[in-house]
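Read the numbers this way: they start at 1 and go in the same order the structure lists the ligands and their atoms. None of the values given here were measured: they were computed from a predicted structure.
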Amino acid sequence: MKEIILIKLGEIVLKGLNRRNFEDSLMRNLKRRLAKIGEFHVQIAQSTISVSPVHDDIDMDEVEDCVSKVFGIAAFARACVTEKDLDKIKEAAGEYLADVFDSPKTFKVEAKRSDKKFPYKSPEICDEVGGYLLEKFPNISVDVHEPDVTVTVEIRDFGAYIRAGLIRGAGGIPVGTGGKACVLISGGIDSPVAAYMMAKRGLELTAVHFASPPYTSIRAEEKVAELLERVAKYSGRIKMFTVPFTEIQEQIREKCKEDYFTIIMRRFMMEISEEIAKKNGCHALITGESLGQVASQTLLAIGCTDNACNMPVFRPLIGMDKEEIISVSRKIDTFEVSIQPYEDCCTVFTPKHPKTKPVLAEVIREQEKLDCKGLVERAVEGVRLTNIE
Ligand code: ATP
Ligand code: MG
């Protein structure tokens, strides 16, 4: 029996001028993601997309998993396809729903007839299919108000589709419709979650990671790439730029007051990220900062960091508790990777008493002890690119 996936777009597409743009991006993203699994016909009609495998040997669980991670999808379901013939529809429903109805359940049948040429009206389809299922499965009964299972029969241009229920999709807006932004990604719990959240709002991602070998290991960089691979299941491909940060950190340690280390380091990160972002068509930076989480994330510290760049900086976690952040990281499957113990450059030179109320003028005075321009230039020149798929 031929199985496909039916995808329902968010309500937001039904309105507004950007509908076309939204649909085109969603179709493009979906096709690119599905191409990794196999060959599919992907069609859109009346705000419903159908994904139909060209060959029989496709693992539909894998397809379902892929579809569940594409932003812009409100809901989806697996469905079986049959001819637009009432007897064939009944038979197909009986066969397709055998697993669902192998234990006692209540159900109702809904019909959606977008092909108005189909000779039976919706109530007739419901009666016929419902009656057939009741006869075939003795341990089910009808409950039109709160059924365990809602069976939907959709009569569409290309055939009749039968499905049981709908699964909630990833939501959000198709990646790319909102432009591109650059996420500062560490190996921690927070920044992958921040990246996911902004991709969900339609941003395509580029990533920057600061590495300080030999203080940080190659395993730490591999860990970041692995985190991005997991984020990319939602966001689509990501360019990752690894920036050599050792010289900057050593210079800060040598020449600046210890309690300003972190804040000056973070200002360099913002400035360098902004340069890389601009070169790659990004119009914002993204960080995983959360207000008050650590000394460098107090109100005044964030003010000093923000001052180092001109682009908008998105901090989607700013008002979230650690527990809330962790629950998203578990959901997107980055948590287990994030908690692997590899040193990040931030933890290598942590001052004993970081300033929680830094004064911008003092920070800048300290930072100016360094050859900032030269340091930034050399760091940007040493950048390495990894393509994350
Ligand atoms: P995370 O869990 O994301 O590492 P954190 O709570 O450890 O965050 P910090 O170490 O203060 O917080 O970093 C704050 C933000 O700065 C991070 O969320 C990330 O966006 C950025 N950042 C920190 N370290 C790096 C790094 N090595 N490379 C790139 N960005 C970084
Ligand atoms: Mg960190």
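Ligand 1 has no N or O atom lying under 3.5 Å from any N or O atom of T287, backbone or side chain. Residue G288 has at least one N or O atom closer than 3.5 Å to an N or O atom of ligand 1. Checking only distances, K322 never comes within under 3.5 Å of ligand 1, N or O to N or O. When only interatomic distances are considered, the shortest N/O to N/O separation between F210 and ligand 1 falls below 3.5 Å.
The atoms of ligand 1 that sit less than 4.0 Å from any heavy atom of D190 are 1 (P), 2 (O), 3 (O), 5 (P), 6 (O), 8 (O). The V208 neighbourhood of ligand 1 comprises atoms 29 (C), with distances under 4.0 Å to a heavy atom of that residue. Heavy-atom contacts of H209 reach the following atoms of ligand 1: 26 (C), 27 (N), 28 (N), 29 (C) (cutoff under 4.0 Å). Atoms of ligand 1 found under 4.0 Å from any heavy atom of G188 (numbered from 1 in listed order, with element): 1 (P), 2 (O), 4 (O).
Evaluated by nearest non-hydrogen atom to atom 14 (C) of ligand 1, the leading choice among Q297, M270, Q293 is Q297. Here the shortest heavy-atom distance to atom 22 (N) of ligand 1, taken over S296, S186, S273, S290, belongs to S186. Distances from atom 26 (C) of ligand 1 to the heavy atoms of I189, I185, L184 show the closest one on I185. Among E221, R266, E289, the residue whose heavy atom lies nearest to atom 16 (O) of ligand 1 is R266.
Legend: salt bridge (Lys or Arg N to Asp or Glu O under 4.0 Å) pairs involving residues 162-187, not counting sequence neighbours, sorted by first then second residue: E154-R163.
V313 places none of its side-chain heavy atoms less than 4.5 Å from the side chain of I286.
Hydrophobic clustering (ILVMFWY, side-chain heavy atoms < 4.5 Å, transitive): V231 and V193 are in distinct clusters. Taken together through direct or relayed side-chain contacts under 4.5 Å among Ile, Leu, Val, Met, Phe, Trp and Tyr, L184 and F261 form part of one hydrophobic cluster.
Under the 4.5 angstrom side-chain criterion for Ile, Leu, Val, Met, Phe, Trp and Tyr, the cluster partners of I364 are L360.
At least one test fails for K8 against the ring of F76: distance under 6.0 Å to the centre or angle within 45° of the axis.
In summary, R219 and E222 engage in a salt bridge, as defined by a charged side-chain N under 4.0 Å from a carboxylate O. A salt bridge links E3 to R78: at least one charged side-chain nitrogen sits closer than 4.0 Å to a carboxylate oxygen.
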